[in-house]
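Report on the structure given below.
Order of the sequence lines fixes the chain letters, A, B, ..., with proteins taken first and strands second; residue numbering starts at 1 for each chain. Both backbone and side-chain heavy atoms feed into the values below; hydrogens, waters and symmetry mates do not.
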Protein chains: 2
Amino acid sequence: MFPEFKDYIQRQANLSDDEIELMRSRAVEKTLRRKEFLVHQGDVCRYKIFITRGLLRTYHAREDGSERIMQFSPEISWTTDPESFEYSTPSNFNIAALEPSEVVLWTKSDLRYLIDNIPGLKTYFDKLISRSGHIFRQRIFTAIGASAEEKYEEFVKNYSHILTRVPLHMVASYLGVTRETLSRIRHAQVIRK
Amino acid sequence: MFPEFKDYIQRQANLSDDEIELMRSRAVEKTLRRKEFLVHQGDVCRYKIFITRGLLRTYHAREDGSERIMQFSPEISWTTDPESFEYSTPSNFNIAALEPSEVVLWTKSDLRYLIDNIPGLKTYFDKLISRSGHIFRQRIFTAIGASAEEKYEEFVKNYSHILTRVPLHMVASYLGVTRETLSRIRHAQVIRK
DNA sequence: TGTAAGCGAGGACATTTATCACCGTTTTTA
DNA sequence: TAAAAACGGTGATAAATGTCCTCGCTTACA
């Protein structure tokens with residue numbers, strides 16, 4: 001698990017061997033079974049999570065059983081609940097594995113220490129945050145102005161690698177439509193073709 | 001205009017007089033008439049904008065005349081199109097004044113210089129970005145899972161100070177519903193009360 | 001200061017999307 | 001490996017929301 005992270009971070013940030021070793025010394029590796037939770041709604045999310053293998057999702061479950069999926073996190077990406085992680089408040093979200101997964105974890109205090117002592121890591125996270133801001137804005141733009149079909153096409157365009165790995169009702173929950181609507185959109189597209 | 005900014009930034013970041021003076025030396029002040037544009041769709045957004053007085057909005061206009069409002073920016077807040085500003089690419093958005101406004105502007109290179117030379121400013125922007133990320137996530141959460149009425153109530157809760165200053169059809173464009181729907185929601189609430 | 005534009009409301013109707021119920025198939029898991 | 005759960009689809013119907021229109025009233029501005 002850490003080796004995969006090391007390969008990735010060496011390509012993305014210019015870290016010395018010592019710096020990588022420092023990151024390793026604070027990292028915790030964890031294997032997740034399918035459907036296993038890393039964070040439960042109501043818990044504090046104590047880790048920043050790097051996924052080295054598998055696929056996670058971050059979602060809110062309502063009383064009535066319906067879900068809102070905020071994020072899919074495949075291998076070679078990060079996730080956490082930023083508010084819960086930063087302020088140690090109960091999270092509104094579950095983070096759970098959709099596939100058998102492997103992750104690397106850092107606590108808030110360890111991550112703070114690493115960022116404060118590894119300038120290249122700070123630069124790397126700054127870039128990452130900038131990119132994720134862009135993704136947020138695009139998603140808002142689509143969510144407030146696009147039809148269900150346009151939202152789906154946007155998803156296909158941006159996340160074709162995820163589309164093939166998750167059930168359609170979860171794609172629907174991510175888009176904010178019902179699974180029936182999504183099913184009909186797909187049907188209509190097949191017919192039109 | 002700069003004096004208002006100075007008051008604000010001194011309270012938010014611990015900047016020395018020299019640092020403030022450095023910011024001033026790179027700042028451009030600008031007065032905007034109602035309806036005046038600071039950025040047009042298709043232009044590059046060359047400035048990071050601090051509003052000292054008035055109210056701006058950032059929005060995308062479609063061919064058919066409909067609009068999607070991404071953000072309202074009242075006095076004592078920042079705005080820009082982050083992608084256009086960072087990468088000097090054409091913006092998808094207009095930024096225009098809804099009220100007579102006063103703003104302070106910095107170009108990308110000047111802002112980079114200031115952030116690189118004023119540590120407290122970097123810290124301040126990090127906090128700002130963290131907060132705006134939280135707002136983005138909340139907005140996505142509402143957009144994908146709430147009814148039109150819930151979206152409106154959320155807006156009232158978070159932005160009551162803006163609600164009173166913008167026409168309702170713009171609130172509707174921000175929420176991603178039609179002005180008629182918003183009008184009916186408000187009517188229904190009056191009746192229920 | 002008068003004229004045009006903007007604004008908020010609301011009626012009639014169309015469209016989109018959600019809800020509910022059910023089915024056959026595949027996948028999971030005990 | 002058999003039972004249970006998950007999955008994708010679809011029809012009938014309901015609800016939410018959008019579209020198009022008209023109408024007073026207010027506001028902006030030339």
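- Distances were taken from every side-chain heavy atom of A:Leu168 (C-beta onward) to each of C:dT29, D:dG8, C:dG8; the shortest belongs to D:dG8.
- A close approach under 4.0 Å does not occur between any side-chain nitrogen or oxygen of B:Ser183 and OP1 or OP2 of C:dG8.
- Distance B:Met170 CE to C:dG6 P: 10 Å, rounded to the nearest Å.
- Side-chain rings of A:Trp78 and A:Phe125 approach one another, their centers coming within less than 6.0 Å.
- Straight-line distance from the NE2 atom of A:His169 to the C1' atom of D:dA5: 11 Å, rounded to whole Å.
- Less than 6.0 angstrom separates the ring centroid of B:Tyr174 from the ring centroid of B:Phe72.
- If you take CD of A:Glu180 and P of D:dT13, they are 16 Å apart, rounded to a whole angstrom.
- Contact check of residues 139-164 of chain A against DNA chain D (heavy atom, cut-off under 4.0 Å) returns no residues at all.
- Rounding to whole angstrom units, CZ of residue A:Arg68 and P of C:dA18 are separated by 13 Å.
- The distance between atom CG of B:Leu182 and atom C1' of D:dG18, rounded to the nearest whole Å, is 14 Å.
- Looking at which nucleotide of DNA chain C each of B:Pro167 and A:Thr178 is closest to, the 5′-most match is held by B:Pro167.
- A side chain to side chain contact (heavy atoms under 4.5 Å, CB included) with A:Glu21 is found for exactly one of A:Arg24, A:Met23, A:Glu19, namely A:Arg24.
- The shortest distance between the side-chain N/O atoms of B:His187 and the OP1/OP2 oxygens of C:dG10 is below 4.0 Å.
- Taking atom CZ on A:Arg186 and atom P on C:dT17, their separation rounds to 16 Å, with Å as the unit.
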Extract all donor-acceptor atom pairs below 3.5 Å that involve side chains of residues 27-37 of chain B and protein atoms in other chains or at least two apart in sequence.
{"from": "B:Glu29", "atom 1": "OE2", "to": "B:Phe2", "atom 2": "N", "distance (Å)": "2.8"}
{"from": "B:Glu36", "atom 1": "OE1", "to": "B:Arg33", "atom 2": "N", "distance (Å)": "2.8"}

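- In terms of phosphate contacts, A:Thr181 brings a side-chain nitrogen or oxygen within less than 4.0 Å of OP1 or OP2 of C:dA18.
- Judged purely by distance below 3.5 Å, without hydrogens or angles, the side chains of A:Ser66 and A:Asp64 pair a donor atom with an acceptor atom.
- Residue A:Arg179 contributes atom CZ, which lies 11 Å from atom P of C:dT19 at whole-angstrom precision.
- Between the CZ atom of B:Arg34 and the P atom of D:dC29 there is a distance of 5 Å, given to the nearest Å.
- Defined by atom type and a distance below 3.5 Å, a donor-acceptor pair is present between the side-chain atoms of B:Ser73 and B:Gln71.
- In this structure, B:Phe136 and A:Phe136 have tilted ring planes: the angle between them lies in the 30° to 60° band.
- Positionally, the nearest nucleotide of DNA chain C for B:Arg184 lies more toward the 5' end than for the other of B:Arg184 and A:Arg184.
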